[in-house]
Participant: 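Take this structure first; my questions come after.
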Amino acid sequence: MIDRIMFPTMKDTGLSRSAEDYLKAVYSLNERGEPAGTSELARALDVQPGSVSGMIRRLAEDGLLEHEPYHGVRLTPEGSREALKVLRRHRIIESFLVRRLGYDWEDVHAEAERLEHAASDRLIERMAEAMDHPTTDPHGAPIPTRHGKIAATPWPRLDEVAAGTRVTVRAVSDEDPEWLRYFKSVSVVPGARALVQRSGADGGPVTLMVDGASEPLSMRPAVARRVAVTEA
Ligand SMILES: [Zn+2]
């Protein structure tokens, strides 16, 4: 109960926790070029579609979202600034938990989902400074600067890469602890290099040989999709 009372007064933006979650969800759908309609948002936020339209309307009235014909909603520049602030808080918190408190990388997302709404900008900047301003979080995702700039990441997904390509792993999706444990166990972590032996573009399994491993790895395209890479 206490957290419900304290969260609004501890934040700097004045947005409610769920408004912040909506903006973040729209940001990540927009970023992937996917439609951000009522049903996509309901799925991303794990809420009933009926409750989505009211919040969309409020956020649009506040100038944070705008309707995009046939594509749901997109963030206005103001909405994008707010979403990037929440992403910064999330990723700094994840970084701090791993680097300073010794958390495993699969355990930090859930903590950050809670704390991102509670932490003040001042606390986040102190954390960033204590870590000498990291530019990526433990899963490889870029951390927006305090001025709201973020490195563009048009990174291909591992399932899209052609056979015979050497790749460097850039980032791994942070949401599912089970898959994060798996990726760590097979050394598919940011900075790892690998040779793609079989592409998943046809819907079949992706096969790759991670540098230093003794045998190739095979994974379903839906799993390989969780891994962002660049050619290396
Ligand atoms: Zn996370």
Side-chain angles (χ1 to χ4, degrees), residues 3 7 10-13 15-32 34 36 40-47 75 79-121 123-128 130-131 133-146 148-155 157-158 169-185 188-192 222-229:
D3 58 0
F7 278 176
M10 289 172 69
K11 282 179 354 63
D12 301 323
T13 61
L15 287 175
S16 72
R17 175 178 186 155
S18 62
E20 291 183 337
D21 283 337
Y22 271 72
L23 296 177
K24 215 168 50 153
V26 175
Y27 181 90
S28 70
L29 289 165
N30 285 176
E31 189 189 32
R32 294 198 299 262
E34 292 170 19
E40 290 84 9
L41 280 168
R43 201 176 320 125
L45 292 159
D46 199 18
V47 296
L75 296 168
S80 182
R81 260 194 302 279
E82 294 299 338
L84 287 169
K85 272 192 204 172
V86 188
L87 268 189
R88 176 171 173 79
R89 296 203 293 262
H90 184 100
R91 291 174 180 174
I92 292 282
I93 290 164
E94 289 191 338
S95 303
F96 195 86
L97 293 176
V98 168
R99 290 174 177 219
R100 292 304 169 99
L101 302 184
Y103 271 66
D104 286 323
W105 79 337
E106 69 267 26
D107 292 332
V108 295
H109 179 74
E111 295 275 26
E113 284 287 291
R114 296 166 54 95
L115 295 170
E116 68 187 17
H117 306 290
S120 67
D121 289 347
L123 173 60
I124 294 300
E125 294 320 315
R126 290 286 290 269
M127 286 175 160
M131 294 183 287
H133 302 282
T135 54
T136 55
D137 77 12
H139 313 105
I143 299 175
T145 69
R146 49 192 287 239
K149 297 264 178 290
I150 188 166
T153 53
W155 292 328
R157 302 296 170 138
L158 184 54
V169 174
R170 293 292 166 185
V172 176
S173 168
D174 67 348
E175 286 170 17
D176 191 316
E178 291 297 322
W179 286 117
L180 284 169
R181 259 190 293 276
Y182 165 73
F183 288 129
K184 188 156 54 179
S185 75
V188 173
V189 295
V223 176
R225 248 201 115 55
R226 295 173 172 273
V227 182
V229 297

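Both ligands and their constituent atoms are indexed starting at 1 by order of listing. Heavy-atom basis, side chains included; hydrogens, waters and symmetry copies ignored. These numbers were taken from a predicted model, which means no experiment stands behind them.
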Participant: Between Trp179 and Phe183, how do the two ring planes meet: parallel, tilted or perpendicular, split at 30° and 60°?
Facilitator: tilted
Participant: Do you know which N/O/S atom name in Glu94 is closest to the Zn ion (ligand 1)?
Facilitator: OE2
Participant: Run the salt-bridge test on Glu20 and Arg17 with the 4.0 Å N-O cut-off and return the result as yes or no.
Facilitator: no
Participant: Is Glu31 salt-bridged to Lys24, cutoff N-O under 4.0 Å?
Facilitator: no
Participant: Of all the N, O or S atoms in His109, which has the shortest distance to the Zn ion (ligand 1)?
Facilitator: ND1
Participant: Is the shortest side-chain heavy-atom distance between Leu97 and Glu94 below 4.5 Å?
Facilitator: no
Participant: For the Zn ion (ligand 1), does an N/O/S atom of Asp174 lie at less than 2.8 Å?
Facilitator: yes
